[in-house]
2 protein chains.
Amino acid sequence: MRVSREQAALNRDRVIDTGARLFREKGLDGIGIADLMKASGLTHGGFYGQFESKDALAAECVTRVLGKSVERWRRLLEEGLLEEPGGDPLRTLVEDYLSARHLNGPETGCAFTTLAADAARRGGAVAQAMSDGMEALAGILRSILPDGGRGRALAILSQMAGAMTLARATADPALAEEMLAAARGAILAGR
Amino acid sequence: MRVSREQAALNRDRVIDTGARLFREKGLDGIGIADLMKASGLTHGGFYGQFESKDALAAECVTRVLGKSVERWRRLLEEGLLEEPGGDPLRTLVEDYLSARHLNGPETGCAFTTLAADAARRGGAVAQAMSDGMEALAGILRSILPDGGRGRALAILSQMAGAMTLARATADPALAEEMLAAARGAILAGR
DNA sequence: ATTATCTATAGATCTATAGATAATGC
DNA sequence: ATTATCTATAGATCTATAGATAATGC
């Protein structure tokens with residue numbers, strides 16, 4: 001039954017990865033600990049040896065997901081710079097975020113678009129993880145904006161998150177694509 | 001036990017109002033039928049005589065909430081026009097939406113900011129109600145934009161919804177207010 | 001006779017905990 | 001000896017339905 005410390009750490013890590021996916025897919029109230037642990041290949045009761053509560057796991061998942069977004073944005077900017085030294089870094093990020101791939105893959109996408117309302121309701125560590133992620137992503141945006149303004153970075157961040165959130169809530173694929181295109185246009189024109 | 005048709009219609013209406021509030025406050029998965037009916041002054045089992053399912057009620061609630069937003073926007077524009085004939089209608093709407101009042105009152109606020117992610121997961125009638133609301137609100141925005149462009153209207157709509165959603169998800173009130181101010185600035189400058 | 005609402009329940013799920021087990025790490 | 005994981009369960013909640021009740025509306 002018992003595994004090595006190393007394996008236990010890997011198991012814990014896998015639970016966070018599973019939560020990161022299932023919470024985005026089903027919402028924080030849409031998946032239970034038992035199913036989450038089963039999807040991680042562990043049993044229900046084992047959860048509470050690794051995490052204090054469901055909220056604590058949710059906060060770790062949000063931190064991980066937004067950390068992955070930071071990594072992705074940095075990589076996109078690096079690669080874009082290498083491929084095309086005089087390119088348009090903001091366009092690179094915006095087209096990646098407001099893409100059909102992101103629209104159709106909420107379970108692997110930005111936590112803002114799937115978990116922001118849940119975070120607002122729960123507050124605490126989950127909301128703190130959201131705040132930290134916002135600061136980090138806004139910082140990246142500032143670094144590639146001509147004036148480097150924090151306000152402009154926050155506006156772009158919320159424009160991107162809002163457009164993807166509404167596009168997914170739509171019953172009409174054409175309206176969804178219009179929403180994304182409109183936001184891409186507004187962000188890239190407003191400079 | 002049985003009440004008149006008129007009273008039954010009033011009871012049904014009250015359940016929708018209760019759902020409109022509690023769903024926004026707690027999320028679609030955060031409140032059950034039994035508690036919702038109790039909050040409406042009725043018993044659990046009575047629900048299924050009035051609604052086919054929880055999803056069906058949720059769709060009616062989204063329709064009602066976004067209908068109220070349409071009413072509110074129309075009223076704000078009418079009143080603004082009466083008070084100041086040469087005023088700034090877009091500013092009126094944006095300042096009302098991106099306000100501290102709206103930030104602190106999700107249970108009476110725009111459905112986009114509280115229920116969009118849930119609608120994306122559920123699809124069906126709930127997502128259809130979201131789509132219809134988006135079209136209606138975008139139409140109002142178009143009517144007050146100088147070029148009347150649908151793209152610009154959709155961009156403004158998602159900018160407003162996104163900024164409020166992220167502002168509420170924040171653990172830091174200062175960051176929340178920065179987010180709202182940034183979006184107000186971006187929308188009103190981008191004309 | 002119809003029907004709005006009621007009580008009661010099925011059957012499934014929820015978070016969290018208690019205590020057992022068995023392998024690790026000292 | 002410690003501890004990662006297990007089984008089992010408490011106690012609460014979930015959606016939905018069945019069948020009873022009693023007042024309305026014909």
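Worth knowing before you read on, the calculation uses all heavy atoms, side chains too, and leaves out hydrogens, waters and symmetry mates.
Distance from the side chain of B/N11 is smallest to C/dT5 among D/dC14, D/dT5, C/dT5. Listed nucleotides: C/dA16, D/dA4, D/dT15. Nearest to the side chain of A/S53: C/dA16.
Here the P atom of nucleotide C/dT13 and the NZ atom of A/K26 are 12 Å apart, to the nearest Å. Between A/M37 atom CE and C/dC14 atom C1' the separation is 15 Å, expressed in whole Å. As a whole-Å value, the separation of B/H44 NE2 from C/dT7 C1' is 12 Å. In this structure, the CG atom of A/L28 is 11 Å from the P atom of C/dT15, given to the nearest Å. Atom CZ in A/F51 sits about 15 Å away from atom P in C/dT17, given to the nearest Å. Atom CG in B/D55 sits roughly 8 Å away from atom P in D/dA16 (whole-Å rounding). In this structure, CD of A/Q7 is placed 19 Å from P of C/dA22, rounded to the nearest angstrom. Here the P atom of nucleotide D/dA4 and the CZ atom of A/R14 are 15 Å apart, to the nearest Å.
With rounding to the nearest 0.5 angstrom, the CZ atom of B/F23 is 8.0 Å from the CD1 atom of B/I31.
For C/dT17, neither phosphate oxygen OP1 nor OP2 lies less than 4.0 angstrom from any side-chain nitrogen or oxygen of A/Y48. Phosphate contact (OP1/OP2 of D/dT5, side-chain N/O of A/Q50, threshold under 4.0 Å): present.
Put simply, the side chain of A/Q159 gets close to the backbone of B/A155: a donor and an acceptor are under 3.5 Å apart. A donor-acceptor distance shorter than 3.5 angstrom exists from the side chain of A/R24 to the backbone of A/T108, with no hydrogens or angles considered. A/R184 places a side-chain N or O within donor-acceptor distance of the main-chain N or O of A/L98, the cut-off being under 3.5 Å.
Nucleic acid contact class of B/S4 (heavy atoms, under 4.0 Å, all strands): sugar-phosphate only. Within 4.0 Å (heavy atoms only), B/G32 reaches sugar-phosphate atoms of the nucleic acid but no base atom.
Considering A/T18, A/D17, A/N11 as possible partners of A/R14, the one that fulfils the side chain to side chain donor-acceptor pair (under 3.5 Å) test is A/N11.
When every heavy atom of B/L180 is checked against every heavy atom of B/L103, the shortest pair comes out as CD1-CB, 4.2 Å.
Residue B/R2 places no side-chain atom within donor-acceptor reach of the base of D/dT21, judged by atom type and a 3.5 Å distance cut-off alone.
Of the residues near DNA chain D, B/I31 and A/G45, the one whose nearest nucleotide (by heavy atom distance) lies more toward the 5' end is A/G45. Residue-to-nucleotide proximity on DNA chain D shows that, of B/K54 and B/R5, the 5′-proximal contact is made by B/K54.
Taking a cutoff of 4.0 Å between a charged side-chain nitrogen and a carboxylate oxygen, A/R12 and A/E60 qualify as a salt bridge.
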Exercise. Which dot-bracket notation, 5' to 3', represents the base pairing of DNA chain D when pairs are defined as Watson-Crick or G-U with both distances under 3.5 Å, crossing pairs as [ ], and inter-strand pairs as |?
Worked result: ||||||||||||||||||||||||..

